[in-house]
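Since the structure is predicted, the reported quantities are computational estimates derived from the model, not experimental observations. Chain letters run A, B, ... following the sequence lines, proteins first and then strands; every chain starts at 1.
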Amino acid sequence: MNRLKGEFSKSLLTFLVMKGIRMVSLLFAICLVSFILVKSSPIDPIQAYVGADMMRVSPEQRENIAEYWGLDKPAIEQFFHWGSAVAGGDLGTSMIFRQPVADIIHERFFSSLALMSTAWVLSGIFGFAMGVVAAMKKDTWVDQFIKWYCYTLASTPTFWMGLLLLMIFAVWLGWFPVGMGVPVGVIAEDVTIGDRVLHLILPALTLSIIGVANIALHTRQKLIDVLASDYVLFAKARGERGFILFWRHGLRNIALPAVTLQFASFSELFGGAILAEQVFSYPGLGEATVEAGLRGDVPLLLGLVLFSALFVFAGNLIADLIYRVIDPRMKGAKSV
Amino acid sequence: MPILEVQDLSVSFVQYTKGLRQKKVQAITSLDITMHEGEILAVVGSSGSGKSLLAHAILGILPSNARVSGTINYSGDELTPVRQASLRGREIALVPQSVNYLDPLMSVGAQVRTSVHNDNPVEVQKKIFERYHLDPDLDKKYPFQLSGGMARRTLVSMAMVSGAKLIIADEPTPGLDSIVIKEALSNFRELADHGCAVMMITHDLGSALQIADKIAIFYAGTTVEVAPVKDFFGRGEKLRHPYTKALWRALPQNEFVPIPGSQPLPNTLPSGCLFEPRCETATRECSLKQPKIQEIRGGMVRCIHAT
Ligand SMILES: Nc1ncnc2c1ncn2[C@@H]1O[C@H](COP(=O)(O)OP(=O)(O)OP(=O)(O)O)[C@@H](O)[C@H]1O
Ligand code: SF4
Ligand SMILES: [Mg+2]
């Protein structure tokens with residue numbers, strides 16, 4: 001038994017090292033590709049930096065700015081200059097916010113985190129429950145209805161759903177504020193938790209309503225497969241049925257894939273948040289990404305790209321780890 | 001009184017083919033079987049002859065697209081779906097065909113304990129593990145960690161602890177070593193000697209003969225013969241059906257001659273005797289309609305020329 005445990009932790013260590021190498025090489029590739037993309041985009045970083053004041057910038061000043069940002073050097077040199085700074089933990093300074101990129105990401109991440117985690121938990125719970133009900137009641141009207149709802153939602157664009165909710169709940173009914181993360185014209189210190197929550201509800205709802213579809217459909221399919229398995233047949237032969245059967249064998253066998261799917265869905269969550277934040281002008285990472293992209297804020301954009309890659313990677317890593325740690329078949333144990 | 005009586009059982013499956021056309025696949029055709037307490041009935045037939053389906057029909061766990069006709073009586077009363085649901089796992093237990101029938105994510109011990117209905121599960125499980133020489137460690141192990149022999153013993157032990165009176169053991173397809181098979185066989189004999197009725201489903205006529213009291217021969221979803229074990233000797237002169245005789249002669253210790261041809265598939269069944277295409281003694285009448293099962297010399301046979 002101890003030998004097995006030792007083997008298991010050794011294999012876990014190898015796994016983590018391999019993942020670490022994968023992550024570093026992935027990040028390097030992402031840096032390189034994003035850098036090349038940004039460099040070859042038609043946006044002039046100097047114009048973006050000075051913005052509308054461009055008219056009054058003389059060629060000399062242009063040169064100074066270029067020199068200040070290192071834009072006069074060859075692209076390769078720029079890349080390594082930026083790359084080594086990033087490796088040292090310095091993401092540079094945002095051109096549009098005139099603030100260190102790391103600070104912006106930090107601040108924005110927490111407001112996005114509130115939004116994303118609410119949506120993540122809500123869609124996880126409701127999606128799972130809907131999937132389970134549909135599968136247990138397969139081919140009944142309940143199942144048909146849930147399926148119809150999910151297929152409809154799966155093809156609904158996030159921004160469209162956001163606008164719809166905005167129109168109904170904010171404009172017509174006036175239950176919720178139209179946008180932003182906090183009330184307009186209120187000093188930061190006076191913003192209450194209640195205000196923040198109120199501003200969070202609609203964007204979180206948008207993300208959740210869309211997010212359940214994928215999870216529900218996956219859960220449904222997985223549970224249908226489990227219910228058709230030989231081991232469920234044998235459990236029935238032993239007299240199990242209904243809720244006991246679901247609890248003992250159904251839930252046990254779909255919980256792991258469901259949790260894994262939840263963590264692996266960080267990329268969709270992030271993508272959805274970008275769109276939802278844009279619709280609701282919610283000051284999160286997504287909104288910052290759109291701003292940075294549209295206005296050519298290269299350091300911020302690259303910082304955000306790196307951060308989101310890390311975020312998605314972390315989700316996938318957690319998903320893999322859960323499998324390794326919880327699934328007995330993955331523990332590397334040999335048969336006795 | 002027989003504990004189990006299956007009369008004229010038919011099982012078909014409704015399948016939807018292209019263009020939503022319904023197709024019926026006849027998997028079991030007018031099958032008859034009778035079992036008594038303290039008796040081992042071996043059900044012998046090649047792959048696809050409907051052995052597992054019979055077991056599932058008795059337990060009432062056929063898939064929802066299955067259509068069943070005929071009657072099944074248990075202890076003298078009809079085995080309705082409601083009765084099946086209440087008897088499953090308590091009066092009638094299944095020993096499934098392979099370890100795939102265990103929940104891959106539930107520990108072996110826990111699964112054995114779910115089979116215990118009228119005692120302290122923990123103690124019963126401990127005792128049965130001891131009795132079957134299963135390592136106490138196995139309690140916390142998962143099905144994928146079991147070897148073939150341990151898996152078999154675990155599955156049999158689950159039927160044992162259920163306290164069932166009728167045990168239907170779907171023996172694994174060849175692949176187990178002979179020690180494991182012997183062990184399982186002696187377990188079934190022991191159960192029968194304690195008053196259970198055991199239906200042992202197997203491919204292997206040889207091992208069935210070592211242990212059973214009666215042999216039911218399945219062919220293409222029907223019983224062609226039910227014969228007491230003592231009738232299997234010599235060149236099979238006492239046997240009633242041409243297929244049984246051929247099977248007997250095909251055993252390695254006998255003439256070892258294979259039977260030419262193959263069992264018809266469920267959707268291409270002959271209209272007359274199901275064995276007719278391969279039967280050496282077939283006559284013109286044989287292809288007209290399926291022979292009825294009849295009693296001859298203390299056995300049952302489905303052949304119009306049987307003597
Ligand atoms: N759900 C199903 N739908 C359609 N046909 C089926 C279904 N289940 C079984 N059959 C058919 O019924 C026939 C009998 O199957 P069964 O599993 O009872 O065979 P078996 O005698 O147990 O074979 P084996 O020895 O390989 O276990 C097979 O031809 C099979 O194709
Ligand atoms: S009924 Fe005819 S074809 Fe069928 S087994 Fe008997 S002799 Fe052969
Ligand atoms: Mg079978």
Would you say R238(A) and T114(B) are linked by a side-chain donor-acceptor pair, where the criterion is simply a distance under 3.5 Å?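 Side chains of T114(B) and R238(A): pair found under 3.5 Å.
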Value rounded to 0.5 Å, distance of CG in L105(B) from CG in L251(A):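 Rounded to the nearest 0.5 Å, the CG-CG separation comes to 11.0 Å.
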For chain A, which residues from residues 115-123 of chain B have at least one heavy atom closer than 4.5 Å to it?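 When heavy atoms of chain A are the reference, residues 115-123 of chain B contributes S115(B), H117(B) within the under-4.5 Å range.
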If contact means a heavy atom pair closer than 4.5 Å, which residues of residues 68-91 of chain B contact chain A?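 When heavy atoms of chain A are the reference, residues 68-91 of chain B contributes A85(B), R88(B), G89(B) within the under-4.5 Å range.
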Considering all heavy atoms of both residues, which atom of F234(A) and which atom of L155(B) are nearest to each other, and what is their separation?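 Looks like CE2-CD2, 4.2 Å.
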Which atom of L233(A) lies closest to which atom of Y101(B), heavy atoms considered: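 Result for this residue pair: CD2-CE2, 4.1 Å.
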Taking A93(B), P104(B), S162(B), S107(B) one by one, which has the highest count of heavy-atom pairs under 4.5 Å against chain A?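 Most heavy-atom pairs under 4.5 Å with chain A: P104(B).
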Determine whether more than 12 heavy atoms belonging to other residues, nucleotides or ligands lie under 6.0 Å from atom [atom1] of [X].
X: K19(A); atom1: NZ; answer: yes
X: H56(B); atom1: NE2; answer: yes
X: F126(A); atom1: CZ; answer: no
X: K147(A); atom1: NZ; answer: yes

Within a strict 4.5 Å, meaning less than it, do heavy atoms of the N100(B) and Y231(A) side chains meet?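 N100(B) does not reach Y231(A) side chain to side chain.
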Residue R248(A) versus chain B: region with a heavy atom under 4.5 Å: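 Answer is both: backbone and side chain atoms of R248(A) are under 4.5 Å from chain B.
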Let me know if L59(B) has heavy atoms under 4.5 Å from chain A in its side chain, its backbone, both or neither.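 Just its side chain gets close to chain A.
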